[in-house]
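A short write-up of the structure that comes next.
Both counts, for ligands and for their atoms, begin at 1 and track the order of listing. Since the model is a prediction, treat every value here as computed from it, not as a measurement.
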Amino acid sequence: MTDASAETDLDVICARGPEGLLAELTHRCPLQCPYCSNPLALDRANVELSTEEWLDVLRQAADMGVLQIHFSGGEPTVRRDLEDLIAEAARLGLYSNLITAGVLASRERLEGLAECGLDHVQLSIQDAEPQNADRIAAYKQGHEKKMTFARWVRELDLPLTLNAPMHRQNISSLEAIIELALELDAARLEVAHIQYYGWAYVNRAALMPTREQTMWSADVVERAQERLKGVLTIDFVVPDYYAARPKPCMGGWGRRFLNVTPSGRVLPCHAAESIEGLAFDNVRERRLRDIWLNSDAFNKFRGTDWMPEPCRSCEFKEVDWGGCRCQAFAFTGDAAQTDPACNKSSRHRELVALAQSEAAGPPPAFTYRRIQASRTKESVPSA
Ligand code: FES
């Protein structure tokens, strides 16, 4: 292994290390959501990092000053060593968040995870309406299991965040989803409009809401935020395609977060492998700190030197850090281009026109996220 001592004159923020690490323990998952943030080419179980390798990743992360570990997947509870990893995170003083679909773990397992030191649970939901939720996830009685799981989380006094990815096929349930978060005693609800890369890019026409639906959802959230101050925190992620300014994706490339895939590749964001031509280092061959500070992939779009015009002379370049590189690649074929979500991009009008025309047409069938048939079209009955 190469060691980390060749530190260069990177800016103070990068030298301070990342705040959070997303540990994608596995790509195995019983759900098949058509907007899954995993890559189109999924890792199989036989290439996953071992328990010892993940423990070493956690120790290296703590050593770098990482504060939060998000155990994710796929479905992280399929890993039988999750208890060991959570216990080690607790021993190292890392705040642990379990990002789960909530359909596999028993109450006893959840209780055991809490005893190991789990700090927080983030549960994904597909809708407030069970039949539609199960259709979107392609998993029978999944919604019912999630509701039971959410109640266990609160019975065990763990803080609960509900994550509700939002799109044209569940947006009409937004008010019911907010009520559901209250009923389940969640502390936080994330109403996150889908971001279009990877599986969501493949399913874009099936997921894209209209501008009117989007504005309605923003209005509903704003009123709920006001009404529920001190009771429920609601985070709202706007859909890029209807935004005027790009989001500071990941807080800026290589500035605050890193992501370790099931087989150990280290990425600046969960979708970075969708960018063709970028090579990613692996924790099996190189130390995490060295990858963070010195790897080509992390330095490629870090800071502002890489920016083209109009980003380079834009007053917001250190606010949005150029937006999303994965979106720029997905839409323009060049990750170094201005994010087309920005209204200063020459491609912005095209992006908006495409969104509007897809949202106006009938939704095509989902291409479900599957390990074996990643691009197989599946027709399922409408809700
Ligand atoms: Fe990769 Fe935005 S998701 S930079």
Item to complete: Quick one: list whatever passes salt bridge (charged side-chain N to carboxylate O under 4.0 Å, His left out) with R223, sequence neighbours left out.
Response: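 Once residues adjacent in sequence are excluded, the partners of R223 under the salt bridge (charged side-chain N to carboxylate O under 4.0 Å, His left out) criterion are D219.
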Fill in: salt bridge (charged side-chain N to carboxylate O under 4.0 Å, His left out) involving K229 - partner list, sequence neighbours excluded
E226
Worksheet item: Among protein atoms, how many N/O/S atoms lie less than 2.8 Å from atom 1 (Fe) of ligand 1?
Response: 2
Worksheet item: Can you list the residues that meet the side-chain hydrogen bond (donor to acceptor under 3.5 Å, both in side chains) rule with E24, with sequence neighbours excluded?
Response: none
Worksheet item: Side chain of N294, backbone of I291: donor and acceptor closer than 3.5 Å?
Response: no
Item to complete: Find out if a path of hydrophobic residues (ILVMFWY) with successive side-chain heavy-atom gaps under 4.5 Å connects Y196 to V237.
Response: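 No, separate clusters.
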Worksheet item: In this structure, which one of E48, E53, E52 forms a salt bridge (charged side-chain N to carboxylate O under 4.0 Å, His left out) with R284?
Response: E53
